[in-house]
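Along the sequence shown, the residues carry numbers beginning at 1.
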Amino acid sequence: MLLIYNRPGFAEELTEQERDELFGEVDALMKELTESGELAGGDALADPSTTKTVRGKDGQPAVTDGPFLEAKEHFAGYITVDCESVERAVEIASRWPDVRFGGYMEVRAIMGQSGTEM
């Protein structure tokens with residue numbers, strides 16, 4: 001799974017041409033992954049201001065608004081790929097255009113149904 005992190009609102013700071021190029025690159029990469037059979041799924045996430053966080057407090061669930069992390073970036077979406085190696089997943093993640101604009105990608109293996117694969 002390729003986890004996409006970026007700074008909220010960064011796309012709005014781009015010029016129209018830069019936004020068109022960014023989304024064009026995303027579309028091209030998604031098309032490539034679809035055609036190669038490597039794309040297994042993915043979605044963008046809503047703005048973090050709509051987030052609810054549930055943590056345990058005094059043995060009970062406590063719900064707060066938003067993630068309110070110290071980081072400037074937020075978890076913005078994910079892509080699930082089925083590829084030959086972790087190196088290929090890293091190569092795909094390194095081509096994600098958000099990385100050029102201060103975002104980053106986290107590459108994580110998905111644990112199978114039995115929960116023993118790592």
Pairwise distance [atom1]([X]) to [atom2]([Y]) - rounded to 0.5 angstrom:
| X | Y | atom1 | atom2 | result |
| --- | --- | --- | --- | --- |
| Leu22 | Asp98 | CG | CG | 5.5 Å |
| Arg7 | Tyr104 | CZ | OH | 13.5 Å |
| Met30 | Leu33 | CE | CG | 7.0 Å |
| Phe75 | Leu3 | CZ | CG | 4.5 Å |
| Glu106 | Met1 | CD | CE | 10.5 Å |
| Asp65 | Thr53 | CG | OG1 | 8.5 Å |

Would you indicate whether Glu84, at its atom CD, is surrounded by more than 12 heavy atoms from other residues, nucleotides or ligands within a distance under 6.0 Å?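 At most 12 heavy atoms, drawn from other residues, nucleotides or ligands, come within 6.0 Å of this atom.
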Crowding at CZ, Arg19 (>12 non-hydrogen neighbours, <6.0 Å):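 Check passes, neighbour count above 12.
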Can you name the nearest heavy-atom pair linking Pro61 to Val54, along with the distance?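 Here Pro61 and Val54 meet closest at CB-CG1, 3.9 Å.
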Taking all non-hydrogen atoms of both residues, which atom of Ala89 and which atom of Val81 are closest, and how far apart?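 That would be CB-CG2, 4.5 Å.
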Please test Asn6 against Trp96 for side-chain contact (heavy atoms from CB on, under 4.5 Å), starting from the C-alpha separation and ending with a verdict. CA-CA 11 Å; Asn6 61 32; Trp96 197 258; over 6 Å; no
Quick one: are [X] and [Y] in side-chain contact, heavy atoms under 4.5 Å?
| X | Y | result |
| --- | --- | --- |
| Val26 | Pro97 | yes |
| Arg88 | Ile92 | yes |
| Tyr78 | Asp43 | yes |

Going through the checks in order, is the side-chain contact (heavy atoms from CB on, under 4.5 Å) test met by Arg95 and Glu91? CA-CA 7 Å; Arg95 293 173 52 205; Glu91 188 270 326; 2.7 Å; yes
Are Ile4 and Met105 close enough, and set up right, to give a side-chain contact (heavy atoms from CB on, under 4.5 Å), and what steps lead you there? CA-CA 5 Å; Ile4 305 163; Met105 300 286 283; 3.5 Å; yes
Would you say Asp47's side chain and Ser49's backbone share a donor-acceptor pair under 3.5 angstrom?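 Yes; judged by distance alone, with no hydrogens or angles, the pair exists.
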Check this for me, if you would: do Arg100 and Glu21 make a salt bridge, where the nitrogen-to-carboxylate-oxygen distance has to be below 4.0 angstrom?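 No.
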Mind checking whether [X] and [Y] sit in one hydrophobic cluster, side chains of I, L, V, M, F, W, Y counted as touching below 4.5 Å?
| X | Y | result |
| --- | --- | --- |
| Ile110 | Tyr5 | yes |
| Leu14 | Val99 | no |
| Ile79 | Leu45 | no |

